[in-house]
Amino acid sequence: MPRYFTDQRHEALRHRVRDFAEREVRPHIAEMEAGRTVCHALSRRIARQGWIGATVARGYGGMGAGHLAKTVIIEELSRVSAAMGAMVQASQLGVAKIIHFGNEEQKKTWLPAIAAGECLPTIAVTEPHSGGHVLGMTSSAVRDGDDYILNGRKVYVGNSHVGDLHGVVVRTGEGSHGLSAFLVEHDRPGFRVGPEAATMGLHGFSFGELLFDNCRVPAANLLGQEGDGLAVAYSSSVLYGRPNLTAVSLGIHQAVLEETARFCTERQRYGKPLHALPNIQLKLGRIQSRLLTARLAAYHAVHLLDQGESCDAELMNAKLVNVESAIESARDAMEIHAACGLFTDRPVERYLRDAHHIYAPAGTSDVQLLRLGELALGSVRGEWSSRLADRVRTTELVPQQYPQQAYAGVGC
């Protein structure tokens with residue numbers, strides 16, 4: 001039965017994504033975990049399902065399904081593989097900059113290709129020495145005739161090694177009005193991707209480094225106007241980054257509950273199932289309670305976003321609640337599994353590692369709390385969900401046909 005803010009069409013979408021994830025993604029988890037490298041083929045296979053175009057208008061070839069549908073897609077992929085859920089969320093984050101700031105020519109050029117899975121977009125803001133302090137970035141773009149020349153380095157870029165189109169925020173002037181955003185194709189001279197680096201979790205997902213060395217980009221690739229870079233970065237993070245990562249956390253959390261409940265049913269202690277022990281049942285109850293609360297916060301926030309309502313606070317709170325609760329539940333699950341949880345034949349240790357990866361992007365929990373504190377004090381200086389309401393409001397979810405290709409095997 002549909003729950004929370006979903007209707008039967010959202011739930012039908014959930015079943016399609018879950019079926020795909022079980023058939024196509026789960027068989028490759030062991031390979032991704034062992035290799036700890038980017039899974040290119042599977043990323044492309046997922047993209048071709050059309051799900052990265054969840055919030056792209058149907059006029060541009062997208063689903064036009066909205067942020068709640070997007071949340072369901074990411075959640076269901078992340079329930080099986082947080083790495084592949086992260087791949088989709090990072091691509092959809094890359095969509096935001098074009099939807100919000102792209103001109104008509106840029107939208108016609110890129111959105112249909114993204115929606116068809118032929119182009120994976122990224123957004124690149126963070127730098128090694130500035131971190132989350134966006135105004136501290138030093139990467140630059142200098143106008144040279146009909147082009148801009150980009151120099152600098154970006155780190156922690158989701159889909160760095162599979163991305164085809166990078167949305168890059170760099171400095172074109174001084175101060176908060178001196179940042180601008182550009183679309184940079186992956187094959188432009190002067191652009192390269194740094195070496196793959198092994199990470200603690202999200203094996204199969206690329207989270208790497210982009211380098212620009214006198215990379216020449218046409219002025220037509222400028223997103224919006226010069227000086228819009230800060231708005232591109234902040235709005236994309238608030239309206240897409242936070243709810244997308246919320247959805248990844250939610251999928252991990254659901255997997256934690258299912259796996260732990262299964263373990264407690266299968267495992268015997270004192271001649272009875274492990275869940276017969278009161279302290280174990282209490283821990284399971286806490287996991288279940290956190291998950292119910294987390295899902296309500298997640299779905300409510302994106303429902304408001306779909307309606308064009310002011311909801312920056314709800315989006316921040318959803319990310320805070322979901323990340324913190326997923327980590328806490330994964331820790332509880334590890335305690336229930338005890339020594340069994342330390343071995344990779346069970347996925348609970350992967351869930352704990354993956355959950356920690358969602359903590360920092362789009363703002364740590366402290367960042368969300370600081371912004372919520374500003375709300376409590378009445379010192380918020382405008383909300384992105386209000387400023388861009390006409391660009392994020394969506395129509396009702398419509399029936400969507402997905403490619404019915406045979407479920408052929410996909411290597412990484």
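What you see below is based on every heavy atom in this structure, not just the backbone, and it leaves out hydrogens, waters and symmetry mates. Fair warning: this is a prediction, and the values are worked out from it, not measured in the lab.
Side-chain contact between Gln288 and Leu257 is present, with heavy atoms from C-beta onward closer than 4.5 Å. Between His275 and Thr265, the closest side-chain pair of non-hydrogen atoms falls below 4.5 Å. Looking at Leu250 and Leu291, their side chains come closer than 4.5 Å, going by heavy atoms from C-beta outward. Side-chain contact check for Trp384 versus Ser237: every heavy-atom pair is 4.5 Å or farther apart. Between Tyr359 and Ser365, some side-chain heavy-atom pair lies under the 4.5 Å cut-off. The side-chain heavy atoms of Tyr148 and Glu226, taken from C-beta on, include a pair separated by under 4.5 Å. In this structure, His253 and Arg295 have side chains that are not in contact, with every pair of non-hydrogen atoms separated by 4.5 Å or more.
Between the CD1 atom in Ile252 and the CG atom in Asn322 there is a gap of 10.0 Å [rounded to 0.5 Å]. For the atom pair CD1 (Ile46) and CD1 (Ile73), the distance works out to 11.5 Å, reported to the nearest 0.5 Å. Between the CG atom in Leu111 and the OG1 atom in Thr55 there is a gap of 9.0 Å [rounded to 0.5 Å]. Note: Trp110 CH2 to Glu118 CD = 11.0 Å, rounded to the nearest 0.5 Å. Atom NZ of residue Lys283 and atom CG of residue Asp332 lie 4.5 Å apart, to the nearest 0.5 angstrom. A distance of 10.5 Å separates SG of Cys340 from CE of Met334, quoted to the nearest 0.5 Å.
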Task: Intermediate values then yes/no, side-chain contact (heavy atoms from CB on, under 4.5 Å), Phe20 and Arg45 - done: CA-CA 10 Å; Phe20 175 91; Arg45 175 79 169 112; 4.0 Å; yes
- [ ] Decide side-chain contact (heavy atoms from CB on, under 4.5 Å) for Glu76 and His15; before the verdict, give the C-alpha distance in whole Å, the side-chain angles of both, and the deciding distance to 0.1 Å.
- [x] CA-CA 9 Å; Glu76 287 302 323; His15 289 308; over 6 Å; no
Open item on the list: Test side chain to side chain donor-acceptor pair (under 3.5 Å) on Glu383 and Ser310; report intermediate values, then the result.
Closed with: CA-CA 7 Å; Glu383 298 196 6; Ser310 177; 2.4 Å; yes
TODO: Report the C-alpha distance between Ser379 and Glu374 in whole Å, list the side-chain angles of each, state the deciding distance to 0.1 Å, and finish with yes or no for side chain to side chain donor-acceptor pair (under 3.5 Å).
DONE: CA-CA 5 Å; Ser379 57; Glu374 291 174 356; 5.2 Å; no
- [ ] Show the numbers, then the answer: is there a side-chain contact (heavy atoms from CB on, under 4.5 Å) between Met63 and Leu13?
- [x] CA-CA 11 Å; Met63 292 173 61; Leu13 175 62; 4.3 Å; yes
- [ ] Go through His10 and Asp7 one step at a time and tell me if the side chain to side chain donor-acceptor pair (under 3.5 Å) criterion holds.
- [x] CA-CA 5 Å; His10 288 104; Asp7 61 24; 3.0 Å; yes
- [ ] Would you sort out whether Arg371 and Leu375 count as a side-chain contact (heavy atoms from CB on, under 4.5 Å), showing the intermediate values?
- [x] CA-CA 6 Å; Arg371 298 294 174 261; Leu375 176 68; over 6 Å; no
- [ ] Could you walk me through whether Gln49 and Arg16 pass the side chain to side chain donor-acceptor pair (under 3.5 Å) test, one step at a time?
- [x] CA-CA 10 Å; Gln49 306 310 302; Arg16 285 196 293 272; over 6 Å; no
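Side-chain contact annotation: His357 with Asp354, donor-acceptor N/O pair under 3.5 Å absent.
With sequence neighbours excluded, no residue forms a side chain to side chain donor-acceptor pair (under 3.5 Å) with Ser140.
Using a distance-only test at 3.5 Å, with no hydrogens or angles considered, a donor-acceptor pair links the side chain of Gln368 to the main chain of Gly363. Side chain of Thr122 to backbone of Ser160: no donor-acceptor contact under 3.5 angstrom is found. A donor-acceptor contact shorter than 3.5 Å is absent between the side chain of Ser206 and the backbone of Gly208. Counting only distance, with no hydrogens or angles, the side chain of Glu33 and the backbone of Ala30 share no donor-acceptor pair below 3.5 Å. In this structure, Asp213 contributes its side chain and Gly190 its backbone to no donor-acceptor pair below 3.5 Å. A distance-only check finds no donor-acceptor pair linking the side chain of Arg346 to the backbone of Arg350 [under 3.5 Å]. A donor-acceptor pair under 3.5 Å is absent between the side-chain atoms of Lys108 and the main chain of Asn103, judged by distance alone.
With salt bridges taken as basic N to acidic carboxylate O contacts below 4.0 Å, one links Glu11 and Arg14. Residues Glu127 and Lys154 are paired through a salt bridge, judged by an N-O separation under 4.0 Å between the basic side chain and the carboxylate.
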Side-chain polar contacts of residues 86-96 - donor-acceptor pairs under 3.5 angstrom, sequence neighbours left out - could you list them?
unit_1	atom_1	unit_2	atom_2	d
Ser91	OG	Met87	O	3.1
Ser91	OG	Asn159	ND2	2.7
Gln92	NE2	Trp51	O	2.7

Solution key, residues 215-224 side-chain donor-acceptor pairs under 3.5 Å, sequence neighbours excluded:
unit_1	atom_1	unit_2	atom_2	d
Arg216	NH1	Asp144	OD2	2.9
Arg216	NH1	Asp147	OD2	3.2
Arg216	NH2	Asp144	OD2	2.9
Asn221	ND2	Leu183	O	2.7
Asn221	ND2	Glu185	OE1	3.3
Asn221	ND2	Glu185	OE2	3.4

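In this structure, Glu22 places its CD atom where more than 12 heavy-atom neighbours from other residues, nucleotides or ligands lie under 6.0 Å away. Around the CZ atom of Arg44, the shell of radius 6.0 Å holds more than 12 heavy atoms that belong to other residues, nucleotides or ligands. No more than 12 heavy atoms of other residues, nucleotides or ligands lie within 6.0 Å of CD in Glu174, so this atom counts as exposed by the packing criterion. The environment of OH in Tyr156 is sparse: at most 12 heavy-atom neighbours from other residues, nucleotides or ligands sit within 6.0 Å. Within a 6.0 Å sphere centred on CG of Asp146, heavy atoms belonging to other residues, nucleotides or ligands number 12 at most.
Taking the six-membered ring wherever Trp is involved, the centroid distance between the rings of Phe207 and His161 does not fall below 6.0 Å. Under the 6.0 Å cut-off for aromatic ring centres, Phe191 and His186 do not qualify, their centroids lying 6.0 Å or more apart.
Taking every heavy atom of both residues into account, Ser81 and Met32 meet most closely at OG-CE, 3.8 Å. Minimum heavy-atom separation, Ala333 to Thr260: CB-OG1, 3.2 Å.
For Lys70 and Tyr240, the positive end sits near the middle of the six-membered ring, less than 6.0 Å away and at most 45° from its axis.
Among Val134, Val169, Val155, the one residue that satisfies the side-chain contact (heavy atoms from CB on, under 4.5 Å) test with Thr126 is Val155.
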